[in-house]
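Here is the structure we will look at.
Remember, it's a predicted structure, so these values are computed and weren't measured experimentally.
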2 protein chains.
Amino acid sequence: MKDNIEQLLRAHDVSPTAMRMIVLDYLVDQPSALSLADLETALRPADRITIYRSLRTFEEKGLVHSIDDGSGITKYACCASDCGPFGHHDVHVHFVCRGCQETYCLPRTQVPELGLPQQFLSEEVNLVVKGVCAACNR
Amino acid sequence: MKDNIEQLLRAHDVSPTAMRMIVLDYLVDQPSALSLADLETALRPADRITIYRSLRTFEEKGLVHSIDDGSGITKYACCASDCGPFGHHDVHVHFVCRGCQETYCLPRTQVPELGLPQQFLSEEVNLVVKGVCAACNR
DNA sequence: GAAAGCCTGCAATGGGATTGCAATGTTAGC
DNA sequence: GCTAACATTGCAATCCCATTGCAGGCTTTC
């Protein structure tokens, strides 16, 4: 089990410490993105700052991406396999449920070329959809 | 001049106080979205909290919308004329320049129906494009 | 086995958003 | 025109999350 996690860390040039494995192991299984506070609660009594720095390291190495879903609280989720240390997808699509407040990563969808004003150069696109998720939609 | 502003406020059911007129008058002329700190500086010595509450009131009444462009700092811009007290556009498109850090509202562009998972209901879409604006792109 | 470097955890800081409350201004009724 | 009721303003204080400083512990390497 944990071998996967360890390999994943090594593959991304992150030394697999106990703490990091705990954090990553928990994160990979999540269906939705988690905030630092979520992780702190779930992984208690692990130290919040250590989790925070683990996430930063992961993000730097392309294992995880951080999401600003408009709530003002940063959330984290594992990257799709084609993110690398030199950049993530340049298109992120997330869904925030008004009911349960969960943030889900959506499979990359076709985002059209936008009609930007003359001379404007697009480098990265973040799309946040708000609404109601399946579980809350009944 | 200010008659416009006053009427705009009244039309949205906001009492046109001196402070609110100053804030709104300044805001309508801006080509890009402003943070609270921007407004505080521009409107000195007006009180920051008062500006903040004016913006909240404006937002509530559909005069202004707030933007979270991913910088962690909320910015504000006037709504297009078809925003009302019962909801704003459900599609917001903004552009953040990596050079000058300005946030521009883009004219509503064609945003395609996204392939949401089964039973997911979309109510609002926020699209933030990051890149380089015309002024910085040379 | 010792030095160097990385990792961890506690404490403290920073910055923006938000609220409490008293003072002031505005409105409406008489 | 006066007064009571209500809305707005401004100061101070608080809250919350993100971030950093630093010292101690662990790991790795030679």
Side-chain angles (χ1 to χ4, degrees), chain A residues 2 5-6 8-10 12-27 33-61 63-77 85 96 101 103, chain B residues 2 5-6 8-10 12-27 33-61 63-77 85 96 101 103:
Chain A
K2 293 299 176 58
I5 299 297
E6 187 173 340
L8 191 54
L9 284 165
R10 286 192 199 282
H12 286 262
D13 199 26
V14 179
S15 6
T17 66
M19 204 59 235
R20 287 173 178 170
M21 286 175 63
I22 290 171
V23 174
L24 187 58
D25 185 47
Y26 185 75
L27 203 55
L34 299 183
S35 68
L36 181 54
D38 292 336
L39 284 163
E40 186 190 3
T41 303
L43 269 34
R44 197 181 306 275
D47 183 65
R48 180 174 20 119
I49 283 68
T50 302
I51 298 173
Y52 168 73
R53 278 187 278 219
S54 298
L55 291 168
R56 284 220 134 183
T57 304
F58 294 169
E59 188 179 11
E60 217 169 86
K61 297 304 175 71
L63 267 163
V64 149
H65 63 270
S66 63
I67 305 153
D68 184 344
D69 59 13
S71 68
I73 298 171
T74 306
K75 297 185 177 170
Y76 301 87
V96 181
Q101 305 293 332
T103 297
Chain B
K2 294 297 173 62
I5 299 297
E6 187 174 341
L8 190 53
L9 284 166
R10 287 193 199 282
H12 286 263
D13 200 27
V14 179
S15 7
T17 67
M19 203 61 233
R20 287 171 178 172
M21 287 175 63
I22 290 171
V23 174
L24 187 58
D25 185 48
Y26 185 75
L27 203 55
L34 299 184
S35 68
L36 182 54
D38 292 335
L39 284 163
E40 186 191 3
T41 303
L43 268 33
R44 197 181 305 274
D47 184 66
R48 180 174 20 119
I49 283 72
T50 303
I51 298 173
Y52 168 73
R53 279 187 278 219
S54 299
L55 292 168
R56 283 220 135 182
T57 304
F58 294 168
E59 189 179 10
E60 215 170 87
K61 297 305 175 68
L63 267 162
V64 150
H65 64 271
S66 62
I67 305 152
D68 183 345
D69 59 12
S71 67
I73 298 171
T74 306
K75 297 187 178 172
Y76 301 88
V96 181
Q101 305 294 332
T103 297

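Extent of DNA chain C lying under 4.0 Å from chain A heavy atoms, first and last nucleotide in 5' to 3' order, is C:dC7 to C:dA11.
Between A:Val23 and A:Phe58 there is a side-chain heavy-atom pair separated by less than 4.5 Å. You'll find the side chain of A:Tyr26 stays beyond 4.5 Å of the side chain of A:Leu24, heavy atoms only.
Using a 4.0 Å heavy-atom cutoff across all strands shown, A:Ser15 reaches sugar-phosphate atoms only and no base atom. Backbone-only engagement by A:Thr17 is indicated by non-hydrogen atom pairs under 4.0 Å involving sugar-phosphate atoms exclusively.
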- [ ] Any chance you could list the contact pattern along nucleotides 15-24 of chain D? Use B for base contacts, S for sugar-phosphate-only contacts and - for none, protein heavy atoms under 4.0 Å, 5' to 3'.
- [x] --SSBBBB--
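Side-chain atoms of B:Arg20 do not come within 3.5 Å of backbone N or O of B:Val14 as any donor-acceptor pair. B:Ser71 places a side-chain N or O within donor-acceptor distance of the main-chain N or O of B:Ile73, the cut-off being under 3.5 Å.
Judged as a salt bridge (charged side-chain N to carboxylate O under 4.0 Å, His left out), and not counting sequence neighbours, the contacts of A:Arg10 are A:Glu6. In this view, B:Ala77 and B:Ala33, B:His65, B:Ile67, B:Cys105 satisfy the side chain to side chain contact (heavy atoms under 4.5 Å, CB included) rule, not counting sequence neighbours. Residues that satisfy the side-chain hydrogen bond (donor to acceptor under 3.5 Å, both in side chains) test with B:Thr103, not counting sequence neighbours, are B:Asp69, B:Lys75.
Applying the salt bridge (charged side-chain N to carboxylate O under 4.0 Å, His left out) test to pairs two or more places apart or on separate chains, those with a residue in residues 38-52 of chain A are A:Glu40-A:Arg48.
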